[in-house]
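Worksheet for the structure shown next.
Note that the structure is predicted; figures quoted are calculated from it, not measured.
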Amino acid sequence: MLYYGLALGQIKYNNSNLNEIRDLLSNINPNYNGERSKEIKNLVNKYFTDNEWKEEYHNTFVEKKNFKESMELVKKMKEEQANKPLPTIGMTKEEVIESKWGKPKKINKTTNVYGVSEQWVYPNFKYLYFDDGILATIQE
């Protein structure tokens, strides 16, 4: 009923926006048999054939479902990221990658007589320094 009402409003006040009207009507289930179902069907049939209506409704339903699933996945990933530890001195490279900072944007590697050191570069001028694979310095 909501999308029917919104579509009627679009038709009454802005009949030139055909795409917006079709978008609203595509949210109405073609199998709806409730209140004003005949009026709704008559209106929809001015913009869609029965087969187009079913296809548009299906596509709209799938898009909404995919969007909802994507948003739930993003929320879950943010929650998981929030629960990760911050990098701390003594962590291995693998532990740092699993921390809140994750993978660096760039790695600068230096090899000298004393061993191998790495500078991991992160956004916002954050740096981690490793000596022989162990986190030795954190610069924020």
Is there a path from [X] to [Y] through hydrophobic residues (I, L, V, M, F, W, Y) whose side chains come within less than 4.5 Å of each other?
X	Y	answer
Met91	Phe130	yes
Val121	Ile138	no
Leu135	Leu86	yes
Ile21	Ile28	yes
Ile97	Ile107	yes

inquiry  = Other residues, nucleotides and ligands only: do more than 12 of their heavy atoms fall within 6.0 Å of NZ on Lys103?
reply    = no
ask   = Is the count of non-hydrogen atoms from other residues, nucleotides or ligands lying under 6.0 Å from Asn51 atom CG greater than 12?
value = no
Using 0.5 Å steps for rounding, measure from the [atom1] atom of [X] to the [atom2] atom of [Y].
X	Y	atom1	atom2	answer
Ser37	Asn31	OG	CG	11.5 Å
Glu56	Phe48	CD	CZ	5.0 Å
His58	Asn29	NE2	CG	12.5 Å
Ile40	Asn42	CD1	CG	10.0 Å
Met71	Lys75	CE	NZ	10.0 Å

Please tell me whether [X] and [Y] have a donor and an acceptor in their side chains that are separated by less than 3.5 angstrom.
X	Y	result
Gln119	Tyr127	no
Tyr129	Glu118	no
Lys64	Asn27	yes
Trp53	Glu55	no

Minimum-distance pair of heavy atoms, taken over all atoms of [X] and [Y]:
X	Y	value
Pro85	Ser99	O-CB, 3.1 Å
Thr92	Glu95	N-OE1, 2.8 Å
Ser26	Thr60	OG-OG1, 3.1 Å
Ile89	Ala136	CD1-O, 3.3 Å

ask   = Do Leu43 and Leu25 pass the side-chain contact (heavy atoms from CB on, under 4.5 Å) test, and can you show the C-alpha distance, the side-chain angles, and the key distance before you say yes or no?
value = CA-CA 9 Å; Leu43 176 65; Leu25 294 174; 4.0 Å; yes
inquiry  = Please verify the inter-ring angle class for Trp120 with Tyr122; under 30° counts as parallel, over 60° as perpendicular, anything in between as tilted.
reply    = tilted
Got [X] and [Y] here, is their nearest side-chain heavy-atom distance under 4.5 Å?
X	Y	value
Lys65	Glu69	yes
Lys100	Gln81	yes
Asp50	Lys41	yes
Leu128	Val96	yes

Donor-acceptor pair, distance only, cut-off 3.5 Å: does the side chain of [X] make one with the backbone of [Y]?
X	Y	answer
Asn59	Val62	no
Asn124	Lys126	no
Tyr32	Glu35	yes

